[in-house]
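First the proteins, then the strands, lettered A, B, ... as listed; each starts at 1.
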There are 2 protein chains.
Amino acid sequence: MGCDSSAPRRYNGALSPSVDGPPMKDALSAVNCGNCSVRRLCLPADLSAEEIDRLEKITGKRRVLRAGETLYRAGDPFANLFAIRSGSFKSTVIAADGDTQVTHFALPGELLGLDAYSGRMHSSFAEALEDSSVCVLPFAQLEGLAQEVPALQHQIYSIFSEELKKENETLLLLGKRSAETRMAALLMNISSRYSRRGYSATAFVLSMPRTDIANYLGLTAETVSRLLTKFQREKVIAVRGREVEILDLIALSELAGTHCSYEDAGA
Amino acid sequence: MGCDSSAPRRYNGALSPSVDGPPMKDALSAVNCGNCSVRRLCLPADLSAEEIDRLEKITGKRRVLRAGETLYRAGDPFANLFAIRSGSFKSTVIAADGDTQVTHFALPGELLGLDAYSGRMHSSFAEALEDSSVCVLPFAQLEGLAQEVPALQHQIYSIFSEELKKENETLLLLGKRSAETRMAALLMNISSRYSRRGYSATAFVLSMPRTDIANYLGLTAETVSRLLTKFQREKVIAVRGREVEILDLIALSELAGTHCSYEDAGA
DNA sequence: CGGACAGTTGAGCAGCGTCAATCTTGGTGG
DNA sequence: CCACCAAGATTGACGCTGCTCAACTGTCCG
């Protein structure tokens with residue numbers, strides 16, 4: 001957790017095209033990696049125009065989901081990866097005793113379904129937190145193309161590896177940190193991820209309910225609520241429902257225990 | 001966590017070649033995937049004899065580490081993956097404020113260093129918990145070979161994917177489980193992993209100190225110690241130092257909250 | 001024999017969960 | 001347009017789980 005490890009170190013307010021949520025209008029146009037707004041976070045990164053062209057040929061269709069709809073369930077046969085174009089998702093796993101754990105929140109440019117390759121079956125659930133759209137990537141074809149295009153191969157490994165790195169950071173967070181630290185770290189994390197996607201780093205909408213945040217952080221909804229109120233009392237953030245504005249990024253990053261601010265104070 | 005997802009569902013005591021720790025004698029012989037005792041858990045799984053032959057040509061050398069030695073550190077340039085032949089390792093990450101989190105315990109047949117691909121730099125530490133030996137896999141060459149050998153490609157994806165799945169299970173464990181459940185789940189997990197490697201599922205040596213177990217589980221060493229004593233009082237296990245014997249596998253699996261026993265009660 | 005380190009055990013306390021009441025919000029229908 | 005409802009969010013009181021601090025034991029090795 002902490003900061004998006006590949007996020008720019010210095011925050012530039014001018015990056016933000018919008019301070020509101022991600023745009024939601026391109027739902028039905030043909031898939032087009034070449035000018036996709038999240039291409040540099042997604043599979044096409046570092047591919048040549050010709051390679052992107054071949055990639056587009058196999059990214060057959062788009063799928064649009066309304067808030068609350070499920071993209072896949074544990075047990076579903078694995079056929080596709082999904083690249084998020086817009087919106088956001090939560091991934092969950094379910095224990096033998098039935099209770100569920102939120103394992104990720106996924107934003108545009110991120111791939112869903114990577115954990116389903118081995119065993120040819122999904123082992124987790126992915127549910128849209130808001131109206132969202134994804135590119136459907138038939139993995140068999142993607143695999144074949146990767147066999148011919150080393151740069152794509154490379155990018156697939158990178159994404160897998162990046163996921164593992166992120167999970168390590170999540171484990172660090174959940175391991176032995178206070179509720180306050182976890183909450184602050186999540187806010188910093190979401191902030192840096194939105195920032196990387198060109199949105200405001202300091203004003204965003206949490207697309208998930210408090211219960212999901214709590215579950216993800218290993219806390220209760222009550223504790224999450226109390227902490228947000230506390231941060232607000234301390235003038236670190238302003239909250240109104242699911243809208244969050246970060247008033248003091250430095251203070252928040254100190255609460256998060258990482259000194260990963262957007263200043264060049266460095267890591 | 002819970003059970004090794006691809007472990008056999010029924011435990012057969014006759015599988016065990018030995019009830020003591022892993023053997024430690026093959027240290028200096030040439031690398032030979034074809035007859036490696038962990039090949040079916042490692043890269044060679046599902047490769048033809050000819051393909052294994054090509055794999056052996058690039059697995060240049062072996063490296064032997066004594067207990068406590070470090071295989072790699074965060075920040076080291078990434079050049080190799082490491083396949084564990086014998087012994088065991090802990091992976092850790094270090095937070096900005098200096099405190100460390102144990103993220104995995106790795107056993108023979110498992111690959112270390114997968115999280116270093118993106119960014120070309122290790123992001124975690126790997127330290128031998130006992131005298132151990134690993135195969136050194138120069139990733140550039142492995143990547144090249146995978147480009148030509150789809151089955152190897154496939155296996156690399158599988159291992160990445162499997163890692164992600166395992167991490168999800170760890171998150172589930174750390175998310176919202178009691179100390180007792182976590183401890184029982186770790187014992188079940190180690191049991192099933194040893195069993196899969198041909199060792200006893202009910203008698204093994206924990207190669208890591210209590211502090212590492214505690215750190216991994218998000219607990220304190222005192223709590224771990226108290227729980228082991230409690231399990232022993234309840235005749236679920238017998239502990240003597242780092243030696244553990246599971247006396248009641250069913251009871252332990254129930255404590256772990258999973259109904260993943262070795263009986264065909266089935267999940 | 002002694003020192004260091006790992007592990008165990010106990011007493012006390014606090015962070016966060018539980019339970020329950022209340023408030024807010026957005027959607028729906030009259 | 002407003003009343004109503006259900007789901008989500010907030011707030012408070014209270015208690016348990018697991019942490020802290022500290023003393024003690026056992027074991028390995030020089």
Side-chain angles (χ1 to χ4, degrees), chain A residues 21 66-68 90 99-102 105 127 129-131 173-187 205-234 237-245 255 257, chain B residues 21 66-68 90 99-102 105 127 129-131 173-187 205-234 237-245 255 257:
Chain A
R66 323 229 87 216
K90 66 171 173 182
D99 89 359
T100 91
Q101 172 69 39
V102 176
F105 295 118
E127 181 187 321
L129 288 165
E130 57 193 313
D131 295 351
L173 188 66
L174 265 57
K176 207 160 179 36
R177 316 299 243 171
S178 68
E180 182 172 282
T181 301
R182 295 181 199 194
M183 189 67 239
L186 178 63
L187 291 173
V205 175
L206 296 169
S207 54
M208 68 297 284
R210 301 284 192 267
T211 48
D212 285 345
I213 295 176
N215 185 306
Y216 174 69
L217 295 176
L219 303 171
T220 59
E222 291 93 328
T223 301
V224 167
S225 178
R226 277 186 254 268
L227 287 169
L228 290 176
T229 310
K230 178 161 176 277
F231 290 168
Q232 186 161 36
R233 238 187 354 251
E234 292 166 352
I237 62 173
V239 200
R240 209 189 118 69
R242 296 192 182 175
E243 289 166 38
V244 173
E245 186 181 0
L255 284 171
Chain B
R66 322 230 85 212
K90 66 171 173 183
D99 91 359
T100 91
Q101 173 68 38
V102 176
F105 295 117
E127 182 187 321
L129 289 164
E130 57 193 311
D131 294 351
L173 187 67
L174 265 56
K176 207 158 180 39
R177 316 301 244 171
S178 68
E180 183 173 281
T181 302
R182 295 182 197 193
M183 189 68 239
L186 178 61
L187 290 173
V205 175
L206 296 170
S207 55
M208 69 296 282
R210 301 286 192 268
T211 47
D212 285 345
I213 295 175
N215 185 304
Y216 174 69
L217 294 176
L219 303 171
T220 59
E222 291 93 327
T223 300
V224 167
S225 178
R226 278 186 254 268
L227 288 168
L228 290 176
T229 309
K230 177 159 175 281
F231 291 168
Q232 186 161 34
R233 234 184 2 249
E234 292 165 354
I237 62 173
V239 199
R240 208 189 120 68
R242 295 193 184 173
E243 289 166 38
V244 173
E245 187 181 358
L255 284 171

Chemist: Within the 4.5 Å heavy-atom criterion, are A:Leu228 and A:Leu187 side-chain neighbours or not?
Modeler: yes

Chemist: Between the two ends of the helix from C:dC1-D:dG30 to C:dG30-D:dC1, what is the bend in degrees, rounded to 10 degrees, where each end axis spans five pairs?
Modeler: 40°

Chemist: Report yes if some heavy atom in the side chain of A:Lys230 is under 4.5 Å from a heavy atom in the side chain of A:Glu180; otherwise report no.
Modeler: yes

Chemist: With distance as the sole test, does B:Asp131 use its side chain to make a donor-acceptor pair with the main-chain N or O of B:Arg66 at under 3.5 Å?
Modeler: no

Chemist: Quick one: label B:Arg182 by what it contacts on the DNA or RNA (base, sugar-phosphate, nothing), any heavy atom closer than 4.0 Å.
Modeler: nothing

Chemist: Does A:Ala221 offer a backbone N or O that forms a donor-acceptor pair with the side chain of A:Ser225 under 3.5 Å?
Modeler: no

Chemist: Do any N or O atoms from the side chain of B:Glu245 and from the backbone of B:Ala238 form a donor-acceptor pair under 3.5 angstrom?
Modeler: no

Chemist: For DNA chain C, which nucleotides open and close the run of contacts to chain A, 5' to 3', at under 4.0 angstrom from a non-hydrogen atom?
Modeler: C:dC16 to C:dT25

Chemist: Rounded to the nearest 0.5 Å, how far apart are CG of B:Leu217 and CG of B:Leu173?
Modeler: 6.5 Å

Chemist: Closer than 3.5 angstrom, by distance alone: can the side chain of A:Asp212 be matched with the main-chain N or O of A:Val102 as a donor-acceptor pair?
Modeler: no

Chemist: Across the strands shown, which category fits A:Leu228 at heavy-atom distances under 4.0 angstrom: base, sugar-phosphate, nothing?
Modeler: nothing

Chemist: Of A:Thr229 and B:Leu219, whose closest DNA chain D nucleotide lies nearer the 5' terminus?
Modeler: A:Thr229

Chemist: Looking at A:Glu222 and A:Arg226, is there a salt bridge between them, counting it only when a charged N and a carboxylate O are closer than 4.0 Å?
Modeler: no

Chemist: At the 4.0 Å heavy-atom cut-off to chain B, mark where contacts on DNA chain D begin and end, going 5' to 3'.
Modeler: D:dG18 to D:dT27

Chemist: How long is the gap from CG on A:Leu174 to CD on B:Gln101, to the nearest 0.5 Å?
Modeler: 9.0 Å

Chemist: Would you say that B:Asn215 contacts A:Lys176 through its side chain, given a criterion of any heavy-atom pair below 4.5 Å between the two side chains?
Modeler: no

Chemist: Between B:Arg226 and A:Gly241, who's closer to the 5' end of DNA chain D by nearest nucleotide?
Modeler: A:Gly241

